[in-house]
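Remarks on the structure that follows.
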2 protein chains.
Amino acid sequence: MDQAARKPRTRIQIEKRELILEAALEIFAQHGFRGATIDQIADAAGMSKPNLLYYFKSKDDIHRTLIQRLLDTWLAPLREIDDIGDPVTELRSYIRRKLEMARDYPRESRLFANEILQGAPRVLPMLEGELKTLVDEKVEIIRGWMRAGKIARTDPYHLIFAIWATTQHYADFDVQVRAVLGPARDGEGRFEDAARFLEQLFVEGLRVKG
Amino acid sequence: MDQAARKPRTRIQIEKRELILEAALEIFAQHGFRGATIDQIADAAGMSKPNLLYYFKSKDDIHRTLIQRLLDTWLAPLREIDDIGDPVTELRSYIRRKLEMARDYPRESRLFANEILQGAPRVLPMLEGELKTLVDEKVEIIRGWMRAGKIARTDPYHLIFAIWATTQHYADFDVQVRAVLGPARDGEGRFEDAARFLEQLFVEGLRVKG
DNA sequence: GTCTATATGCTGATAGAC
DNA sequence: GTCTATCAGCATATAGAC
């Protein structure tokens, strides 16, 4: 759409920038902003440091670009929640999608976790603005389900926090999860175990007593 | 006990070291290992950089000391789980204690989260050894409860992960939690809301279907 | 567009006076 | 024990040749 609205770029420039962003995501996710060096990123992208700085004017510039791009895709699953379908199905598929994202995009999850842990210096306004608005909106939908007796009454904000926490845990604390489960349960089986567990926890936890 | 077994220290030395560790915890928790500087820590501890390095021989030395101390207290609640009492009471009080720790020791939680996010370079052996052994042991207790029909059958490992994730979330993602809840729900009320929610989620989620 | 060389500033750690 | 001064190394970023 407006990918070149502000800064027109050639196709090659765009591709090189993609290459750098891909490499930077890897490095930033593992070492955090301060821990990552431009040298590492340039190495991973297969180019020299000055060459990298020809495409992005600073380390901060790369990081901001990554964060901004992350947020768009990161909140997509939450945006999709609506009150048309069955509440339990709706929540179950949200949890599933969040867990799939933790499996498929662990670096994005860790990039975000790093940013929040450091006090969210670059995204605090977005958290207090766009994110809060979105969550408030979905909380109202969930409250509607509770009033209608479709799911058990509980605090919708903390429900959302719990879904975020449990799913992202598998990306952010992956090292710990692997260490505790041992080599026997690596790979695909682990994901299905987690999915089954989370489905049971949240679905039973929200079942209407009666 | 054996606090001075390896390196005998005077009372003043011990106090200064405490002062430094307290300051370092604050800085490391916020900026991560690489992001923290000795200057910052020395400043926060109210002394000069060379003076600080008189008490700890390196930045890494401070960090290791903090991590080691952290682990002892951090796992205490898990250690206390036993199969003498009522299973639901036992799990409920474990969740409560973990949540209290997230409230009372958020810096310790973030220090640990930073370490794991970076791939656990300093604690991986401990995760694969001591932690795994401890978790395996508690998993057996939980399996016993399930076999006895005291709680619903589910994956005990992922149950523990979920408790860790949801409780530590309030320390590690504190900025985000505050941003989303807004200023209205700051302070003590937030903790009680979280405690109520988590109790409901896990207790109902583990209720035996009848 | 890409390179080598380099300016500039910061950081961990030490030397040595007091 | 605490200070000032300082070293050596590294990291961001730029200059300028090709």
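Chain naming here is simple, since letters A, B, ... match the order of the sequence lines and numbering starts at 1 in each. Nothing here was measured: the structure is a model prediction, and the numbers come from that model.
Phosphate contact (OP1/OP2 of C/dG1, side-chain N/O of A/Arg17, threshold under 4.0 Å): absent. In this structure, B/Arg34 does not reach the C/dG12 phosphate: none of its side-chain N or O atoms is under 4.0 Å from OP1 or OP2. For the OP1/OP2 pair of D/dG1 and a distance below 4.0 Å, the side-chain nitrogens and oxygens of B/Asn51 include no atom meeting the criterion. Of the side-chain N and O atoms in A/Thr10, one or more sit less than 4.0 angstrom from OP1 or OP2 of C/dG1. The phosphate of D/dT2 has neither OP1 nor OP2 within less than 4.0 Å of any side-chain N or O from B/Ser48. Between B/Lys57 and C/dG12, a side-chain N or O to OP1/OP2 separation shorter than 4.0 Å is absent. The phosphate of D/dT14 has neither OP1 nor OP2 within less than 4.0 Å of any side-chain N or O from A/Tyr54.
Between the P atom of D/dA11 and the CG atom of A/Leu52 lies a distance of 15 Å, rounded to the nearest Å. Atom CG in A/Asp39 sits roughly 10 Å away from atom C1' in D/dT12 (whole-Å rounding). The nearest whole Å value for the distance from the CD1 atom in B/Ile38 to the C1' atom in D/dG9 is 14 Å. Spacing between atom NZ of B/Lys59 and atom P of C/dG12 amounts to 4 Å, rounded to whole angstrom units. Look at CZ on B/Phe28: it is 13 Å from P on C/dT11, rounded to the nearest Å. We find that CG of B/Asp61 is positioned 13 Å from C1' of C/dA13, with the value rounded to whole Å. Distance, A/Ile41 CD1 to D/dT12 P: 8 Å, rounded to whole Å. For the pair B/Gln40 CD and C/dG12 C1', the computed distance is 13 Å after rounding to whole Å.
Heavy-atom neighbours of B/Gln68 CD from other residues, nucleotides or ligands within 6.0 Å: at or below the threshold of 12.
Closest to the A/Ile12 side chain, of the nucleotides D/dT12, C/dG1, D/dT14, is C/dG1.
Using a 30° and 60° split on the angle between ring planes, A/His63 and A/Phe28 fall in the perpendicular class, above 60°. The aromatic rings of A/Phe173 and A/His169 lie parallel to each other, with less than 30° between the two planes, well short of the 60° mark. Classified by interplanar angle (parallel below 30°, tilted 30° to 60°, perpendicular above 60°), the ring pair B/His158/A/Tyr170 is tilted.
Figure legend: B/Arg92 and B/Phe202 shown without cation-pi pairing, the cationic atom not lying both under 6.0 angstrom from the six-membered ring centre and within 45 degrees of its axis.
Among the heavy atoms of the strands lying under 4.0 Å from A/Lys16 are primed sugar atoms or P, OP1, OP2 only; no base atom is included. Within 4.0 Å of A/Leu53, counting heavy atoms only, lies at least one base atom of the nucleic acid. Using a 4.0 Å heavy-atom criterion, one finds that B/Gln13 contacts the sugar-phosphate atoms exclusively. Using a 4.0 Å heavy-atom criterion, one finds that A/Tyr55 contacts the sugar-phosphate atoms exclusively. At the heavy-atom level, A/Ala36 lies under 4.0 Å from the strands shown only through sugar-phosphate atoms.
A side chain to side chain contact (heavy atoms under 4.5 Å, CB included) with B/Thr166 holds for exactly one of B/Ile95, B/Leu99, B/Leu198; it is B/Leu198.
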